[in-house]
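What follows is one structure encoded as structure tokens, with my remarks underneath.
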Amino acid sequence: MKFNTLQESEIIEIIVYSFIAFLLMGLVLILFFYFSRKKIIQKELEKKDLEIQYQKELLSAVIITQEEERKRIAQDLHDDISSKLNIVALNSHLLTTPNLSQNEIHEITANIINLTGKALDNSRKIAHGLLPPVLEKFGLHAGVEELCLEFSSSKAVKVNYENKTAFDIKDIDKHLHVFRILQELMNNSLRHGKATVIAVLFEEKNGIKNCCYSDNGIGFEMKSDENKKGLGMKNIESRIAFLNGKMTLESALNKGVSVVFNF
Amino acid sequence: MWSLFANIGYLILFLNLILFIKGARNYGKAYSIFTWYLGVIFLVQITSMTLKKFNINNLYLSHFYFIGQFILLSLFYINILKGELQKKIVKVCLIIVLMSLAVQYVNDFSLFLKFNLFEIFITSILLILYATFHFYNMLNEKKEFYFINMGILFYLFGSTILFLVGNLTIALSPKMNKITWILNSILYILYQIFILVEWKKSFSKKREFKTIL
């Protein structure tokens with residue numbers, strides 16, 4: 001009898017311990033799941049925050065460039081066109097004064113014709129600077145060719161341009177971005193890089209168009225942060241993002257810059 | 001049948017012990033503590049085997065096994081866990097468990113001669129907890145002692161139940177009670193294979209261990 005009760009209490013003990021053991025294992029599992037989920041979600045939030053931060057930076061870069069562009073256009077209009085039209089208006093007023101000699105009228109009209117001609121010329125230049133008509137009419141190849149010619153004509157830099165692919169006129173929106181990127185890169189090479197030779201090459205691989213750009217300027221150190229924050233580079237980045245492309249940038253001090261991007 | 005499985009387990013354990021001893025100087029504290037752990041359980045196993053040969057009751061050795069495993073693996077986890085809170089939990093639990101077990105044995109020494117359910121229960125559950133701590137830490141970090149941790153968790157989940165019912169199986173007929181021990185030895189072989197895999201993945205190549213970890 002006594003043996004039996006001992007057995008029973010032992011069995012109960014075993015059952016209770018097993019029960020608690022299973023329960024605790026389950027609890028540990030649930031807690032593990034709960035905390036892991038929390039940790040993973042937190043990590044994802046951090047990642048998303050970083051992405052948003054980056055996009056904000058890009059957006060602000062776009063807005064700043066837009067403002068700068070407006071400022072530049074306003075300045076151009078004010079300096080080159082408004083001032084000349086002002087003088088035209090003044091001269092036209094002079095024409096209304098009575099008792100002018102034939103000679104004077106001749107001089108004033110010549111002045112007016114001369115100034116309006118200049119104003120017209122300047123407005124064409126400004127419009128050309130904003131959007132080269134060649135690009136729109138004859139496509140990217142001609143646009144880039146003209147761009148290279150313009151840079152080469154400054155004598156400070158020699159541009160080698162080669163095109164191994166054909167551009168579809170339907171993709172003109174994309175091509176404008178490519179054109180702007182090249183414009184920015186060339187400006188950078190000339191202004192900051194003091195480059196004397198620039199090479200531009202378009203090629204096509206597996207249906208993806210690549211643009212290889214390189215110069216022999218002073219380059220910059222990839223690791224230092226100050227070079228990454230430039231407005232121009234941000235602008236290029238956001239254009240690449242528009243193109244759904246990828247860009248690789250390589251540079252080192254005194255080794256020039258080489259940029260490859262696809263679109 | 002049982003002795004075959006058990007012997008395979010011991011053999012792999014012996015192999016692991018030798019492999020781990022070979023690298024004990026190169027891989028830091030946690031590694032050497034784990035090597036000590038392998039050494040201690042190997043010693044306990046060998047002793048129990050010898051005692052069995054001479055037909056001496058070797059059940060009390062289970063206490064050395066569980067307590068030794070608990071102490072050494074606790075130290076192991078103190079070394080590899082990351083957060084201060086986690087380390088503190090391990091340290092406090094180690095002290096509390098050792099003290100309460102000491103009190104228990106002083107009060108009733110007869111417990112020493114059979115399976116102590118409280119001892120099995122508390123040491124296994126806590127080690128399972130530590131293993132999950134480590135898994136939690138590894139969620140987005142590099143994998144350190146990944147397979148060992150898996151093996152520990154896996155083995156403890158299974159063996160805890162088998163040991164908890166250990167006192168019952170003693171009352172069963174010898175033919176039937178072998179079954180639980182066969183299950184246990186199979187689990188043990190798997191556990192040792194996990195350790196072997198860990199050694200192969202993380203420690204077999206001397207030079208590159210940093211990149212693999």
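Keep in mind that the numbers below use all heavy atoms, side chains included, and drop hydrogens, waters and symmetry copies. Every chain is numbered from 1, with letters handed out A, B, ... down the list of sequences.
- Among B:Phe133, B:Tyr136, B:Phe121, B:Phe157, the residue with the largest count of heavy-atom pairs under 4.5 Å with chain A is B:Tyr136.
- If you measure heavy-atom distances from B:Ile161 to chain A, the contacts under 4.5 Å come from the side chain alone.
- In this structure, chain A has heavy atoms under 4.5 Å from both the backbone and the side chain of B:Thr132.
- For the pair A:Glu44 and A:Lys47, the salt-bridge criterion is not met [side-chain N within less than 4.0 Å of a carboxylate O].
- Of the two parts of B:Ile125, only the side chain, counted from C-beta on, holds a non-hydrogen atom closer than 4.5 Å to a non-hydrogen atom of chain A.
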Salt bridge (Lys or Arg N to Asp or Glu O under 4.0 Å) between B:Glu84 and B:Lys91, worked out: CA-CA 11 Å; B:Glu84 275 310 306; B:Lys91 280 177 199 164; 5.4 Å; no
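- In terms of heavy-atom pairs under 4.5 Å with chain B, the best-connected choice from A:Ile20, A:Leu29, A:Ile40 is A:Ile20.
- Taking 4.0 Å as the cut-off between side-chain N and carboxylate O, A:Glu68 and A:Lys71 do not count as a salt-bridged pair.
- A heavy-atom distance below 4.5 Å is found between the side chains of A:Glu237 and A:Leu58.
- For the pair B:Asn16 (side chain) and B:Gln192 (backbone), a donor-acceptor distance under 3.5 Å is present.
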